[in-house]
There are 2 protein chains.
Amino acid sequence: MTRSSRQAKMMVAVDCIIFGFDGQDLKLLVIKRALQPEKGKWSLMGGLVNENEGFEDAAIRVLHKLTGLDGVYMEQLFAFGHPDRDPAGRTASIAYFTLIDISKYEQQLSHEYEADWKSLKDMPKLIFDHMDMVKMAWEKLQYKAAIHPILFELLPLKFTIPQLQILYEAVYDTVFDKRNFSRKILSTGLLIKQKDKEKASSKRGAFYYKLDKRKYNAKFHAFLNFVPDPDNLK
Amino acid sequence: MTRSSRQAKMMVAVDCIIFGFDGQDLKLLVIKRALQPEKGKWSLMGGLVNENEGFEDAAIRVLHKLTGLDGVYMEQLFAFGHPDRDPAGRTASIAYFTLIDISKYEQQLSHEYEADWKSLKDMPKLIFDHMDMVKMAWEKLQYKAAIHPILFELLPLKFTIPQLQILYEAVYDTVFDKRNFSRKILSTGLLIKQKDKEKASSKRGAFYYKLDKRKYNAKFHAFLNFVPDPDNLK
DNA sequence: GCAAAAGTGTTGCGAATACACCCATGG
DNA sequence: CCATGGGTGTATTCGCAACACTTTTGC
């Protein structure tokens with residue numbers, strides 16, 4: 001086996017699938033592509049990997065460039081490498097799965113890109129194989145959130161149980177019994193009740209909770225079981 | 001954002017983490033590297049991706065070249081892209097996680113490579129970041145097998161419940177209660193009891209079972225729960 | 001005073017665990 | 001006939017799901 005010319009080098013990019021939650025729906029942050037080909041079409045935020053840069057570093061850089069955010073939840077999703085996925089020439093893309101607190105984003109928005117939050121249910125066409133990436137990321141979100149408490153990454157520091165339930169219901173496109181839901185959530189011991197209430201969405205008001213960071217980090221890998229009928233997932 | 005010279009192209013390889021089970025221990029198929037650098041050292045089986053080849057196609061080709069096998073269980077594990085991971089120059093590696101029936105391998109062994117099955121517990125040093133790949137694959141095996149019935153991929157067509165239990169115990173490096181284990185396994189409905197017995201490892205003999213392929217494919221994504229204390233996993 | 005959302009408690013069922021004995025057979 | 005591994009049954013516990021009513025308060 002020699003390194004003959006049949007094994008060409010290729011460009012390698014990263015693309016970020018950025019999830020957010022606006023209190024009602026799950027959203028994805030997409031941009032209007034600034035360069036040819038496909039200029040002006042909707043696209044995931046991405047960029048080429050630099051010479052002396054690892055993949056995750058590149059994804060962090062790209063995400064920071066768009067959102068101004070650091071230290072957000074990010075994990076590698078999949079390496080896409082179909083020879084024809086980019087018409088401009090052979091380019092691999094390492095896709096990264098990202099969960100951000102949408103309220104932090106709004107403050108720091110860079111205007112260098114025409115970015116917009118799109119509902120997952122009403123996603124515009126995306127360039128190349130970005131739709132495949134989104135689909136895979138969406139499935140992974142459902143899969144992981146059924147087992148690990150990752151959805152807190154989508155919420156602000158303080159949130160209410162009803163807000164959390166709406167988020168879970170959005171992720172699984174279903175409804176849960178609120179009594180069982182709150183018992184299950186509280187039984188994890190991950191939440192710390194606050195003294196103040198959120199008064200905007202109801203007359204009575206709902207208590208805020210904060211995540212217990214210490215327990216969260218310790219228990220992150222513990223298996224949970226948030227989904228009643230997991231046969232619906234893959 | 002332009003495609004400047006800072007975004008060099010790079011070589012892209014695939015590497016296969018190939019698991020097998022010899023009836024007693026979990027094994028990994030490794031080869032003696034045939035080319036410089038690191039010639040003669042132990043390595044995962046891998047190869048560069050061809051010009052018009054997707055990543056998974058490349059992994060299938062590489063696996064076939066070593067084992068003669070097709071249609072085995074394979075999934076993408078992770079894309080490794082640290083700039084210095086290969087001293088010969090910037091090379092990314094897409095690692096593939098593979099489970100094979102070790103008995104099928106033995107018949108079809110290609111002698112082009114100096115390949116050997118090494119116990120996971122007694123792994124020799126591997127080149128580059130291949131140890132990281134093995135570690136990640138090993139964790140993924142534990143993680144997935146706790147939820148999905150993938151370990152059958154490591155067994156021959158006909159196997160006994162005690163053999164299956166030894167396999168699970170090897171994967172989790174623990175012991176299970178055999179009564180609860182067989183009940184749990186049989187309750188999945190995935191196994192079909194055969195009329196004949198395996199007589200080599202006991203006087204009484206243990207009934208063979210076969211996997212119900214139809215149900216296996218249908219139920220593959222159903223969540224199971226094979227591990228008593230999942231907090232031990234990540 | 002009423003509409004609208006928050007919050008809480010009980011019961012029954014199914015799954016998981018812990019645990020002990022009998023079976024078949026080769027030597 | 002006995003040692004070895006194969007195979008089965010039961011009681012208890014625990015977690016989950018189903019389900020209904022009371023509380024608070026802005027209007």
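Lettering follows sequence order; numbering is per chain, from 1. Note that the structure is a prediction, hence the values are computed from the model and not measured.
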Undergrad: Hey, does the side chain of B:K199 come within less than 4.0 Å of C:dG26's phosphate (OP1/OP2), counting only N and O?
TA: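 B:K199 to C:dG26 OP1/OP2: side-chain N or O found under 4.0 Å.
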
Undergrad: Check every atom of D:dC19, D:dT8, D:dG6 against the side chain of B:A206 and return the nucleotide holding the closest atom.
TA: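 Of the options given, the side chain of B:A206 lies nearest D:dG6.
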
Undergrad: Please tell me which of B:K197 and A:K203 maps to the more 5' nucleotide of DNA chain D, matching each residue to the nucleotide holding its nearest heavy atom.
TA: B:K197

Undergrad: For the side chain of B:N180, counting heavy atoms from C-beta on, which of D:dG6, D:dG9, C:dA18 is nearest?
TA: C:dA18

Undergrad: Return the value, rounded to whole Å, for the distance between atom CD1 of A:I185 and atom P of D:dC16.
TA: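 That distance rounds to 12 Å.
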
Undergrad: At less than 4.0 Å, is any side-chain N or O atom of A:K184 found next to OP1 or OP2 of D:dA17? Yes or no.
TA: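 So the side-chain polar atoms of A:K184 do come within 4.0 Å of the phosphate oxygens OP1 or OP2 of D:dA17, strictly under.
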
Undergrad: Check the distance between C:dA18's P and B:F176's CZ and give it to me in whole angstrom.
TA: 12 Å

Undergrad: Tell me whether A:K144 at atom NZ has more than 12 heavy atoms from other residues, nucleotides or ligands lying less than 6.0 Å away.
TA: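 More than 12 within 6.0 Å, yes.
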
Undergrad: So which heavy atom on B:A79 is nearest to which on A:I94, and how close?
TA: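 That would be CB-CD1, 3.8 Å.
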
Undergrad: So, for A:W138 and A:F19, is the gap between ring centers shorter than 6.0 Å?
TA: no

Undergrad: Output the single nucleotide from D:dG7, C:dG7, D:dA20 whose closest atom is nearest the side chain of A:K178.
TA: C:dG7

Undergrad: May I have the distance from A:I161 (atom CD1) to C:dT8 (atom C1'), rounded to whole angstrom?
TA: 12 Å

Undergrad: Evaluate whether atom NZ of B:K213 has more than 12 neighbouring non-hydrogen atoms of other residues, nucleotides or ligands under 6.0 angstrom away.
TA: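 No.
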
Undergrad: Between A:R204 and A:R183, who's closer to the 5' end of DNA chain D by nearest nucleotide?
TA: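 So the residue in question is A:R183.
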
Undergrad: Hey, does B:S201 reach any base, or is it just sugar-phosphate, or nothing, if we go heavy atoms under 4.0 Å?
TA: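 Counting heavy atoms under 4.0 Å across all strands, the contact made by B:S201 is with sugar-phosphate only.
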
Undergrad: To the nearest Å, how far apart are A:F207 CZ and D:dT24 P?
TA: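 Going from CZ in A:F207 over to P in D:dT24 covers 10 Å.
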
Undergrad: For A:F181 and C:dA6, give me the distance from atom CZ to atom P, rounded to whole Å.
TA: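 Rounded to the whole Å, the gap is 12 Å.
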
Undergrad: Report the distance from atom CZ of B:R179 to atom P of C:dC23, rounded to the nearest whole Å.
TA: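 From B:R179 CZ to C:dC23 P: 16 Å.
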
Undergrad: Determine whether more than 12 heavy atoms belonging to other residues, nucleotides or ligands lie under 6.0 Å from atom NZ of B:K140.
TA: yes

Undergrad: Would you mind reading off the distance between B:D177 atom CG and D:dT8 atom P, rounded to a whole angstrom?
TA: 14 Å

Undergrad: Roughly, in whole Å, what's the span from CD1 in A:I166 to P in C:dA6?
TA: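 Taking atom P of C:dA6 as the reference, CD1 of A:I166 is at 7 Å.
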
